[in-house]
Protein chains: 2
Amino acid sequence: MRDLVAGSAPGTAAPSERDLVERFGVARMTVRQALDALVAEGVLQRFPGRGTFVAPPRRKPSRVASFTEDMATRGTVAESRTLAAEKVRAPAGVARALGLGPREAVLRWRRIRLADGSPVCLSDCYINAALAPGLLDGPDLPASLYDELAARGRRPTWAEDSLSAGVATPEEAALLECKEGTVVIRLTRRALWEDRPVEVSRSVYRADQHTLSFQLGV
Amino acid sequence: MRDLVAGSAPGTAAPSERDLVERFGVARMTVRQALDALVAEGVLQRFPGRGTFVAPPRRKPSRVASFTEDMATRGTVAESRTLAAEKVRAPAGVARALGLGPREAVLRWRRIRLADGSPVCLSDCYINAALAPGLLDGPDLPASLYDELAARGRRPTWAEDSLSAGVATPEEAALLECKEGTVVIRLTRRALWEDRPVEVSRSVYRADQHTLSFQLGV
DNA sequence: CAGTGGTCTAGACCACAGT
DNA sequence: CTGTGGTCTAGACCACTGG
């Protein structure tokens with residue numbers, strides 16, 4: 001079905017609905033449902049009175065990106081060193097951001113993130129334990145938090161990021177293997193799955209090594 | 001139609017399709033089309049074999065935000081001082097980013113952006129003149145670039161932002177009324193409308209005064 | 001004008017949930 | 001088992017577009 005238009009130049013007219021009815025020997029409502037799917041996908045566009053046409057290419061929808069993915073799109077290898085992976089009672093601010101009562105259990109995962117072997121980011125992540133039980137319990141820690149959440153059907157569908165910049169504290173400088181006073185970007189993220197907070201995190205990126213990028217949809 | 005579920009708690013069952021057929025005296029396909037619209041809007045969710053239910057509330061889709069909107073959501077007043085508003089031949093890099101030939105005409109708009117009266121951002125924006133003819137020609141400059149583009153049906157539907165951080169140059173410091181060496185966030189944006197580049201810009205934010213935020217959708 | 005998509009009817013059979 | 005949504009048929013009339 002979609003073969004009929006695959007690879008066609010944008011603006012090319014698709015066969016009319018009544019054409020397809022004849023060609024496939026089905027009812028017109030059936031044809032329309034098939035076309036509806038392609039329209040929803042953005043492959044086709046309909047113009048009443050004129051016809052159905054191949055839509056101009058669409059940008060990928062914006063999507064909450066994981067560090068791992070982000071690195072992959074740059075062609076660099078993401079690794080991480082875990083500094084802490086534990087179940088703790090949520091600090092007040094974290095509990096509030098996760099919509100939990102104070103001192104409820106959360107998972108904390110603190111990592112240094114490396115790109116091609118050199119440290120670019122220090123991340124401190126709190127995960128709603130109720131939504132991802134045992135996430136940090138296995139013999140091996142997950143390679144990617146978002147992949148692991150995806151495997152549990154809990155990948156964030158929405159996130160709010162706040163960005164500021166400053167200079168590295170002595171501790172940050174030591175962990176990121178840079179000079180104290182290096183300019184860093186601080187990113188705070190609150191990520192939700194189906195309107196329920198899954199993760200809050202604070203990350204510190206070496207700004208001299210790393211550029212953050214965002215794709216913003218519609 | 002949507003009154004039937006307006007305000008209902010998420011998870012509430014909607015009337016079944018056959019119910020609605022009787023209630024409104026229409027065909028089932030008609031009911032389904034009406035429901036399809038609500039499902040597409042995210043108001044309802046269908047579960048085969050079980051029924052149709054009120055969907056959990058959805059986050060607003062991520063959307064390319066304008067400085068003006070961004071300020072409004074913070075409850076602060078956005079203003080700007082125009083440093084330059086002119087038609088120029090596009091520098092090579094800008095031309096490439098806008099998908100134009102070298103030295104084609106583009107609109108350049110350079111502004112200092114103020115939040116509650118104090119400078120927070122220096123922005124240098126190049127606009128594809130073909131997509132927004134005369135944008136800077138009126139007796140008054142637009143109050144908001146994105147509002148003005150929206151009025152012409154050319155509001156960006158997609159954008160790609162790159163963020164880095166550094167320290168203010170002497171010129172930037174003078175314009176932003178801060179000390180040389182103040183930490184700043186540099187943001188490069190390429191904004192498209194229907195897959196055609198509309199705007200590329202470079203902005204410099206005082207990081208000690210301003211936090212950038214992003215909402216990222218699905 | 002003829003052709004297009006948009007909407008609608010009054011049925012039908014299927015796969016699947018929950019009881 | 002009954003009731004649900006998912007899919008399908010073979011028509012129909014409408015408003016709109018373009019020549």
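Side-chain atoms are counted along with the backbone in the values below, which use heavy atoms only and exclude waters and symmetry mates. Every chain is numbered from 1, with letters handed out A, B, ... down the list of sequences.
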Asks: Do side-chain atoms of A:W193 reach the backbone of A:G153 as a donor and acceptor pair under 3.5 angstrom?
Replies: yes
Asks: Of all nucleotides in DNA chain C with an atom under 4.0 Å from a non-hydrogen atom of chain B, which is the first and which the last going 5' to 3'?
Replies: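 Listing 5' to 3', DNA chain C meets chain B from C:dC8 to C:dG18.
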Asks: So, the side chain of A:R154 versus the backbone of A:V198: is there a donor-acceptor pair under 3.5 Å, distance only?
Replies: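 Not confirmed, A:R154 side chain does not pair with A:V198 backbone.
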Asks: What's touching nucleotides 14-16 of chain D from the protein side, N or O pairs under 3.5 Å?
Replies:
none

Asks: Using modelled atom types only, decide if a donor and an acceptor are shared between the side chain of B:D124 and the backbone of B:R202 within a distance under 3.5 Å.
Replies: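 No, B:D124 side chain to B:R202 backbone: no donor-acceptor pair under 3.5 Å.
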Asks: Verify, without hydrogens or angle tests, whether A:R155 (side chain) and A:A150 (backbone) share a donor-acceptor contact under 3.5 angstrom.
Replies: no
Asks: Taking 4.0 angstrom as the limit, do A:E160 and A:R189 come out as a salt bridge?
Replies: no
Asks: In which ranges does DNA chain D form stems of 3 or more consecutive Watson-Crick or G-U pairs, distances under 3.5 Å?
Replies: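 The stems are C:1-16 with D:3-18.
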Asks: Say whether, by atom type as modelled, one donor and one acceptor occur between the side chain of B:R108 and the main chain of B:C125 under 3.5 angstrom.
Replies: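 Such a contact is absent between B:R108 side chain and B:C125 backbone.
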Asks: Rounded to the nearest 0.5 Å, how far apart are CG of A:L212 and CG of B:L187?
Replies: 10.5 Å
Asks: According to a strict under-4.0 Å criterion, is B:S16 in side-chain N/O contact with OP1 or OP2 of D:dT4?
Replies: yes
Asks: I would like to know whether B:E148 and B:R152 meet salt bridge (Lys or Arg N to Asp or Glu O under 4.0 Å); could you show each step before the answer?
Replies: CA-CA 7 Å; B:E148 182 60 27; B:R152 295 155 180 258; 3.1 Å; yes
Asks: Fit a plane to each ring of A:H210 and A:Y205, take the angle between them on a 0 to 90° scale, and name the class: parallel (under 30°), tilted (30 to 60°) or perpendicular (over 60°).
Replies: parallel
Asks: So, does A:Q209 use its side chain to make a donor-acceptor pair with the main chain of A:R206 at under 3.5 Å?
Replies: no
